[in-house]
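By convention in this document, chain letters (A, B, ...) are assigned in the order of the sequence lines, proteins followed by strands, and residues within each chain are numbered from 1. All of these numbers come straight from a predicted model, not from anything done at the bench.
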Amino acid sequence: GNSVTQMEGPVTLSEEAFLTINCTYTATGYPSLFWYVQYPGEGLQLLLKATKADDKGSNKGFEATYRKETTSFHLEKGSVQVSDSAVYFCAPAANDYKLSFGAGTTVTVRA
Amino acid sequence: NAGVTQTPKFQVLKTGQSMTLQCAQDMNHEYMSWYRQDPGMGLRLIHYSVGAGITDQGEVPNGYNVSRSTTEDFPLRLLSAAPSQTSVYFCASSYSGRGDTEAFFGQGTRLTVV
């Protein structure tokens with residue numbers, strides 16, 4: 001099965017700072033790669049995804065590029081806002097539907 | 001749109017009690033699953049279903065049972081609760097088993113076993 005190593009948190013930033021959350025994975029074949037976000041008190045929701053090598057997923061100012069050669073899918077945002085405070089999960093998915101989640105990275109953005 | 005609905009949102013059980021966590025989706029998704037979320041461990045798959053009448057075990061199935069009699073519902077049963085089952089439980093669904101398919105999650109059930 002797949003496994004994920006995700007940058008440990010918590011991460012605390014000031015508004016407008018640059019955010020990077022590292023994610024590397026091990027997998028059989030070429031999985032699709034997802035970032036899910038969990039806002040306080042809510043379930044997870046899809047933030048972005050990439051389905052093949054060199055694809056870039058983007059949403060809400062966040063970006064991540066599928067790097068097959070380094071088996072990585074690092075999440076970046078150039079200027080964070082207080083509303084970006086959440087827990088972020090990296091998740092590769094094989095074609096058997098099962099998602100493998102990283103431990104999650106808690107991000108807190110201060111005004 | 002309701003999406004994935006989980007009930008209850010909070011529950012406290014005594015060791016040895018049984019209960020059922022409910023999960024319903026209104027998107028006509030074939031695939032449904034249960035995860036538990038524990039600090040520092042991400043989400044771990046408990047059981048999943050690829051369609052009505054079909055279920056299978058995930059990574060951490062011990063102590064849990066599931067059934068899938070309809071497309072909409074996928075309840076998770078704890079037969080004899082243990083403190084180790086204290087966790088936040090999430091139900092998820094997706095329309096396909098393909099790896100590029102988005103999963104939709106419920107808001108979670110926070111369970112405490114004392």
Checklist entry - Are A:Lys56 and A:Glu63 ion-paired here, with the side-chain N under 4.0 Å from a carboxylate O? => result yes

Checklist outcome for this item: dist A:Phe73:CZ -> A:Ser32:OG (nearest 0.5 Å) comes out at 9.5 Å

Item to check | Option in A:Leu46, A:Thr51, A:Leu33 with maximal non-hydrogen atom pairs under 4.5 Å from chain B | outcome: A:Leu46

Checklist outcome for this item: Nearest heavy-atom approach of A:Ser14 to A:Val80 is O-CG2, 3.6 Å

Report all side-chain donor-acceptor pairs from residues 102-111 of chain A shorter than 3.5 Å, counting only partners two or more places apart or in another chain.
| unit_1 | atom_1 | unit_2 | atom_2 | d |
| --- | --- | --- | --- | --- |
| A:Thr105 | OG1 | A:Gln6 | NE2 | 3.0 |
| A:Thr105 | OG1 | A:Met7 | O | 2.5 |

Checklist outcome for this item: When rounded to the nearest 0.5 Å, the distance separating CG of B:Leu21 from OH of B:Tyr64 is 9.0 Å

Next on the checklist: Angle between ring planes, A:Phe101 versus B:Tyr35, binned at 30° and 60°: parallel, tilted or perpendicular?
Outcome noted: perpendicular

Next on the checklist: At under 4.5 Å between heavy atoms, what parts of residues 105-112 of chain B are in contact with chain A? List them by residue number.
Outcome noted: B:Phe105, B:Gly106, B:Gln107

Checklist entry - Measuring heavy-atom distances to chain B, does A:Glu8 have an atom under 4.5 Å in its side chain, in its backbone, in both, or in neither? => result neither

Checklist entry - CD of A:Glu16: more than 12 outside heavy atoms within 6.0 angstrom? => result no

Checklist entry - Tell me, side chain or backbone of B:Gln37 under 4.5 Å from chain A's heavy atoms, or both, or neither? => result side chain

